[in-house]
Amino acid sequence: MSPIVAARGLVKEFQAGRERTLRAVNDVTFEITAGETLGLVGESGSGKSTTGRMLIGLIPVTAGEVTLFGQSVTGPGGAERLAAVRHRMQFVFQDPNGSLNPRMRVRDAIAEPLDIKGGLSRAERTERVAELLDMVGLPAASADRYPHEFSGGQRQRIGIARALALRPEFIVCDEPVSALDVSMQAQIVNLLLDLQERFGLGYLFIAHDLAVVRSMSRTVAVMYAGSIVEIASRAALYAAPQHPYTQALLDVVPRPDPDRVRKPALAGEVPSMLNRPAGCAFAMRCPRAEARCRSETPVLREIATGHRAACHLV
């Protein structure tokens, strides 16, 4: 099956002063097919959200190529091709409070994409809003209320309803459950899975927790310091993680095993992209790092069928 979304060698740089450049995303490549979820996992500052925003044109690409629904939307003429397919993609934001206008009733927040596109009568607009609320498990009467009258989980449902308004085929979910408690996280994940099955949606599901993406994703990519350091099927990555960073992330995932000794959280922080270290960016935190790791940058290479990792030690 052909991918509906593909990234090839994506790079994003930001100017940090007159003479300094911050490379937030470096040579990122992946594909997503219809009805599939790619989980993109990593700590804060690893470049996940920047990648998601580049993918659907919210921020421009510095280098590399984005292909959407079979058409390249980078390079000459890319802006026009992106405009033609923009309605087929949407974004669900991390913070449901910040993504909803507190002065706008729910019906108007959900219908905003419909109003921009135009073509619906008042009755059709009202009917579509009620339909969208039902899709996300909220009563039609919710349409008359304001965002502050809802819980965090309900506000995220409203955000998802708005994302579905134009019947998209692909949605970037940027840490959509990170601000919610565990029970509400499960409800939102299950809702997204139900909608995916119902409409054949493709997702890029961004998270900082490997436990969250396990039930969502067919393929999982682990991102560190702007680069993908490991990518594999869900089964392969959770059963046999190869990169030390992936192993460290999995070590802190809670598991229902009373005899398991949970390891402490990974020490240190993602290095600054302004002062990226030589060699492997993870070497300064890696317990297995060797001299080669601190001087030579590893290449993302295939270590088993469909399983790639960027590490000198595997």
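We're numbering straight along the sequence, starting at 1. What you see is a predicted model; the values in this text were computed from it and never measured.
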Side-chain heavy atoms of [X] within contact of [Y], under 4.5 Å:
{"X": "Thr37", "Y": "Leu192", "result": "no"}
{"X": "Leu166", "Y": "Leu114", "result": "yes"}
{"X": "Asp174", "Y": "Phe93", "result": "no"}
{"X": "Phe69", "Y": "Ser2", "result": "no"}
{"X": "Asn101", "Y": "Glu112", "result": "no"}
{"X": "Tyr203", "Y": "Leu195", "result": "yes"}
{"X": "Val85", "Y": "Arg81", "result": "no"}
{"X": "Pro113", "Y": "Arg162", "result": "yes"}

Check: [X] side chain, [Y] main-chain N or O, donor-acceptor pair, under 3.5 Å:
{"X": "Gln156", "Y": "Gly153", "result": "no"}
{"X": "His312", "Y": "Glu296", "result": "yes"}
{"X": "Arg155", "Y": "Pro147", "result": "yes"}
{"X": "Arg23", "Y": "Val11", "result": "no"}
{"X": "Lys48", "Y": "Gly42", "result": "yes"}
{"X": "Glu169", "Y": "Arg88", "result": "no"}
{"X": "Glu290", "Y": "Arg288", "result": "no"}

Any chain of hydrophobic side-chain contacts (each under 4.5 Å) joining Leu193 to Val220?
-> yes
Notebook entry, point to check: Any link between Val229 and Leu313 through a network of hydrophobic side chains (Ile, Leu, Val, Met, Phe, Trp, Tyr) touching at under 4.5 Å?
Noted result: no
Output the distance between atom [atom1] ([X]) and atom [atom2] ([Y]), rounded to the nearest 0.5 Å.
{"X": "Leu164", "Y": "Arg198", "atom1": "CG", "atom2": "CZ", "answer": "9.0 Å"}
{"X": "Arg285", "Y": "Cys280", "atom1": "CZ", "atom2": "SG", "answer": "11.0 Å"}
{"X": "Phe30", "Y": "Ile231", "atom1": "CZ", "atom2": "CD1", "answer": "8.0 Å"}
{"X": "Leu210", "Y": "Leu237", "atom1": "CG", "atom2": "CG", "answer": "6.5 Å"}
{"X": "Thr219", "Y": "Leu40", "atom1": "OG1", "atom2": "CG", "answer": "12.0 Å"}
{"X": "Leu120", "Y": "Arg122", "atom1": "CG", "atom2": "CZ", "answer": "12.0 Å"}

If you look at every heavy atom in [X] and [Y], which pair is closest and at what distance?
{"X": "Ala211", "Y": "Tyr238", "result": "N-OH, 4.5 Å"}
{"X": "Phe205", "Y": "Pro176", "result": "CE1-CG, 3.5 Å"}
{"X": "Ala161", "Y": "Ile110", "result": "CB-CD1, 3.9 Å"}
{"X": "Ile160", "Y": "Val136", "result": "CG2-CG1, 4.0 Å"}
{"X": "Arg105", "Y": "Ala143", "result": "CB-O, 3.9 Å"}
{"X": "Ile32", "Y": "Glu36", "result": "CG2-O, 3.6 Å"}

- Quick check: are there more than 12 heavy atoms from other residues, nucleotides or ligands sitting under 6.0 Å from CD of Gln15? yes
Quick check on Arg218: does its CZ atom have over 12 non-hydrogen neighbours (other residues, nucleotides or ligands) under 6.0 Å away? no
Could you pull out every donor-acceptor pair under 3.5 Å between side chains of residues 178-188 and any protein atom, sequence neighbours left out?
from	atom 1	to	atom 2	distance (Å)
Ser178	OG	Gln94	NE2	3.0
Ser178	OG	Glu175	O	3.2
Asp181	OD1	Ser183	N	3.3
Asp181	OD1	Ser183	OG	2.9
Asp181	OD1	Met184	N	2.8
Gln185	NE2	Val177	O	3.1
Gln185	NE2	Leu180	O	3.1
Gln187	OE1	Arg157	NH2	3.3

Inset, instruction - May I ask you to decide whether Arg125 forms a salt bridge with Asp108, counting only side-chain N to carboxylate O separations under 4.0 Å? - result: yes
- Item | Parallel, tilted or perpendicular: rings of His243 and Phe282 (30°, 60°) | tilted
> Could you walk me through whether Phe199 and Arg167 pass the side-chain contact (heavy atoms from CB on, under 4.5 Å) check?
Replying inline: CA-CA 9 Å; Phe199 300 113; Arg167 297 180 173 87; over 6 Å; no
(message) Glu131 vs Glu127, test: side-chain contact (heavy atoms from CB on, under 4.5 Å). Steps then yes/no.
(response) CA-CA 6 Å; Glu131 179 185 13; Glu127 182 180 356; 5.7 Å; no
Distance-only criterion, 3.5 Å: show the donor-acceptor pairs between side-chain atoms of residues 54-68 and protein atoms not counting sequence neighbours.
from	atom 1	to	atom 2	distance (Å)
Thr62	OG1	Glu13	N	2.9
Glu65	OE2	Ser72	OG	3.0

- In sequence, state the C-alpha distance, the side-chain angles, and the governing distance for Val5 and Leu204, and then conclude on side-chain contact (heavy atoms from CB on, under 4.5 Å). CA-CA 10 Å; Val5 175; Leu204 176 68; over 6 Å; no
Requested in this report: Let me see the working for Glu230 and Tyr245 under side-chain contact (heavy atoms from CB on, under 4.5 Å), right down to the final yes or no.
Outcome: CA-CA 9 Å; Glu230 186 164 6; Tyr245 180 59; over 6 Å; no
Practice item. Consider only side-chain N and O atoms of Glu124 and Ser121, and report whether a donor and an acceptor are under 3.5 Å apart. Key: yes
